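Values in this document were obtained by computation on a predicted structure and should not be read as measured data.
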Amino acid sequence: MTADLSQIVKAYDIRGVVPDQWDEALAELFGAAFVRVTDADAIVVGHDMRPSSPGLASAFARGAARLGADVTLIGLCSTDQLYFASGSLDLPGAMFTASHNPAQYNGIKMCRAGAAPVGQDTGLADIRALAEEWSEKGAPEAAATPGTVTERDTLQDYAAHLKGLVDLTGIRPLKVVVDAGNGMGGHTVPTVFAGLPLDTVPMYFELDGTFPNHEANPLDPKNIVDLQARVREEGADIGLAFDGDADRCFVVDERGEPVSPSAITALVAARELAKHPGGTIIHNLITSWSVPEVVREQGGEAVRTRVGHSFIKEEMAKTGAIFGGEHSAHYYFRDFWNADTGMLAALHVLAALGGQEGTLSELVAAYDRYASSGEINSTVTDQAASTARVRAAYEGGDGITLDELDGLTVTAADWWFNLRASNTEPLLRLNVEARDEATVARVRDEVLALVRATD
């Protein structure tokens, strides 16, 4: 396949429709390019439950082996299980998944040894360039000695590592409803939760990459409706929802109400700071004000960064941070090679809840202090012009500060908002937070009127 890879190579990974935009032949070239760019003599490869994933993963492995690298195939796994394998085996890794995207999509998330990220400026652009060249001119010459391809199961070791980081043996029994969304949570949760004092109520644990029940994206409210109803029906203590590749975890309290990922970030940060006093916590610029507040109250140092896993991981490595969180429900741990793992965050929440007698809603109230709009997308024809209108309206306002760390952030005494352009679509994404709902509504409406003025 000769293809314009600019359409499928995103800022942090490869993602597109199979086989319309890419296929196994191109996956084989990506495998070869990955080995060439990372200069790896051995790699680890895993995949999710999508129908196209096993074939793509095998093709990638062939391409890597053709250039002399030994490949360890770990088969079905969650993305954070692949990061575990990369970290524990000290090998570059590739995970075949399109996360929460529809069934016809697939992609590759790649990392260097120790789960270090591969981003646009740290190898992805070079991988794309090689794959494009070879797609046009033919595959590279094979190594004199091809690499080997072997299989290995890492699920038990992954589960043991996580349970070694959070002690749940002494917690009170909890009833937990888990919605795996027919994704990889159905593969990992039974093994991770085995032996813990948890009464697990499974929902949609059958691995099915066609997602017959709902999209595997728990940040969309419509996709947690079933979980909310089941938590109330069961009288459960907590509900957990995982996305398709199970690297993100979303939490529902005992009333069936969603718990803000920012509140989870603050809760886990407090727990990590109790273990590592004075540590650094990373948060992106659209997490709640409550996160840096809690970090400072617990004696830690809060560091603000751009949105996106490569930025978080880079800052964690630079600062030696113990934990990082994003409002998208990605949670990063120093004890997990600075990689993101929703499962470890879930274990922290279960440990905190089971270590006291109150309800989850009571527990998280201390960490959920502000009203917010959630992310609101606007389709615009000119992102720069719309952003400029907003900047002009607020620049120089009394008590207002502006910064452009990631998009445009405008901050006042009682509210803030961030307006960011999508890298892949003609969208502007707005997040607003304030001390009360009325102020959120006012600021939201003001900004949206400016954004959509001529669109």
Next item on the list: Would you check if there is a donor-acceptor pair between the side chains of Ser372 and Asn431 at a distance under 3.5 Å?
Entry: no
Notebook entry, point to check: Hey, what do you get for CD1 (Ile74) to CG (Leu155), rounding to the nearest 0.5 Å?
Noted result: 9.5 Å
Check: Is Ser78 reaching over with its side chain to a backbone N or O of Gln81, donor-acceptor style, under 3.5 angstrom?
Finding: yes
Margin query: Can you confirm whether the side chains of Asp368 and Ser260 place a donor and an acceptor under 3.5 Å from each other?
Written below: no
Next item on the list: Apply side-chain contact (heavy atoms from CB on, under 4.5 Å) to the pair Asp247 and Thr97, showing each step before the final yes or no.
Entry: CA-CA 11 Å; Asp247 63 346; Thr97 180; over 6 Å; no
Notebook entry, point to check: Would you find a donor on one side and an acceptor on the other, under 3.5 Å apart, between the side chain of Glu301 and the backbone of Thr280?
Noted result: no
Margin query: Minimum heavy-atom separation for Ala69 and Ala42, please, with both atom names.
Written below: CB-N, 4.2 Å
Check: Centres of the His276 and Phe323 rings: under 6.0 Å?
Finding: no
Note to self: So if I apply the side-chain contact (heavy atoms from CB on, under 4.5 Å) rule between Met203 and each of Leu240, Leu227, Asn213, Val178, which one comes out positive?
What the structure shows: Leu227
Notebook entry, point to check: Can you check whether Ile282's main-chain N or O pairs, donor with acceptor, with Glu315's side chain at less than 3.5 Å?
Noted result: no
Margin query: Can you tell me which residue among Phe30, Trp22, Phe34 is in a ring pair (Phe, Tyr, Trp, His ring centres under 6.0 Å) with Phe60?
Written below: Phe34
Item checked: Pairwise side-chain contact, Phe417 with Ser373, heavy-atom cut-off 4.5 Å (strictly under) -> no
Check: Do the side chain of Ser53 and the main chain of Met49 share a donor and acceptor less than 3.5 angstrom apart?
Finding: no
Check: What distance do Tyr105 atom OH and Asp20 atom CG have between them, rounded to the nearest 0.5 Å?
Finding: 9.5 Å
Note to self: Once rounded to the nearest 0.5 Å, what's the spacing between atom CG of Asn338 and atom CE of Met316?
What the structure shows: 4.5 Å
Next item on the list: Not counting sequence neighbours, which residues clear side-chain contact (heavy atoms from CB on, under 4.5 Å) with Glu395? List them please.
Entry: Arg391, Leu402
Next item on the list: Taking all heavy atoms of Asp13 and all of Arg15, pick out the closest pair and write down the distance.
Entry: OD1-NH1, 3.2 Å
Item checked: Salt bridge flag under 4.0 Å for residues Asp340 and Lys313 -> yes
Notebook entry, point to check: Is it true that Asp179 and Arg230 have a side-chain N and a carboxylate O under 4.0 angstrom from each other?
Noted result: no
Check: Which pair of heavy atoms, one from Arg112 and one from Thr38, lies closest together, and at what distance?
Finding: NH1-CA, 3.8 Å
Check: Does the pair Ile322 and Ile281 meet the rule for a side-chain contact (heavy atoms from CB on, under 4.5 Å), with working shown?
Finding: CA-CA 6 Å; Ile322 58 176; Ile281 304 294; 3.6 Å; yes
Next item on the list: State whether the side chain of Asp70 and the backbone N or O of Thr148 hold a donor-acceptor pair below 3.5 Å, judged by distance alone.
Entry: yes
Item checked: Min side-chain heavy-atom separation Asp80-Tyr158 under 4.5 Å -> yes
Next item on the list: Starting at CG of Asp406, measure out to CG of Leu285 and round the result to the nearest 0.5 Å.
Entry: 5.0 Å
Note to self: So does Ser99 get a backbone contact from the side chain of Lys109, meaning a donor-acceptor N/O pair under 3.5 Å?
What the structure shows: no
Note to self: Can you confirm whether Thr150 sits close enough to Thr72 that some side-chain heavy atom of one is under 4.5 Å from a side-chain heavy atom of the other?
What the structure shows: yes
Checklist line | For the student: nearest non-hydrogen atoms of Ala246 and Met184, plus distance | finding: CB-C, 3.9 Å
Notebook entry, point to check: Between Arg248 (side chain) and Ala329 (backbone), is there a donor-acceptor pair under 3.5 Å?
Noted result: no
Checklist line | Thr411 side-chain N/O to Trp416 backbone N/O, donor-acceptor pair under 3.5 Å | finding: no
Check: Hey, what do you get for CG (Asp126) to CG (Asp121), rounding to the nearest 0.5 Å?
Finding: 9.5 Å
Checklist line | Residues in side-chain contact (heavy atoms from CB on, under 4.5 Å) contact with Asp208, at least two apart in sequence or another chain | finding: Asn182, Thr210, Pro212
Notebook entry, point to check: Which word best sums up how the rings of Trp337 and His161 line up, parallel for under 30°, tilted for 30 to 60°, or perpendicular for over 60°?
Noted result: parallel
Next item on the list: Quick one: closest heavy-atom pair of Leu448 and Ser378, and the distance?
Entry: CD2-OG, 3.6 Å
Notebook entry, point to check: Any side-chain heavy atom of Phe333 sitting closer than 4.5 Å to one from Val268?
Noted result: yes
Next item on the list: Say whether, by atom type as modelled, one donor and one acceptor occur between the side chain of Thr287 and the main chain of Asn284 under 3.5 angstrom.
Entry: yes
Notebook entry, point to check: Is there a donor-acceptor contact under 3.5 Å linking the side chains of Glu326 and Tyr332?
Noted result: yes
Margin query: Just verifying a value: how many Å separate Met95 CE and Ile108 CD1, rounded to the nearest 0.5 Å?
Written below: 11.5 Å
Residues 342-353, side-chain donor-acceptor partners within the protein, below 3.5 Å, at least two apart:
from	atom 1	to	atom 2	distance (Å)
His348	ND1	Arg271	NE	3.0
His348	NE2	Glu272	OE2	3.3

Checklist line | Sidechain N-carboxylate O distance under 4.0 Å for Glu314, Arg306 | finding: no
Margin query: Whether the side chain of Ser86 engages the backbone of Leu82 through a donor-acceptor N/O pair (distance < 3.5 Å, no angle test) should be reported.
Written below: no
Next item on the list: Please step through side-chain hydrogen bond (donor to acceptor under 3.5 Å, both in side chains) for the pair Asn418 and Arg429, ending with a clear verdict.
Entry: CA-CA 8 Å; Asn418 173 265; Arg429 309 186 190 281; over 6 Å; no
Checklist line | Intermediate values then yes/no, side-chain contact (heavy atoms from CB on, under 4.5 Å), Lys318 and Val303 | finding: CA-CA 11 Å; Lys318 183 192 306 181; Val303 174; over 6 Å; no
Next item on the list: Can you see which heavy atom on Val231 is nearest to which on Gly256, and at what distance?
Entry: CG1-N, 4.2 Å
Checklist line | Verdict with reasoning, Ile8 to Ile14, per side-chain contact (heavy atoms from CB on, under 4.5 Å) | finding: CA-CA 5 Å; Ile8 66 170; Ile14 296 161; 3.9 Å; yes
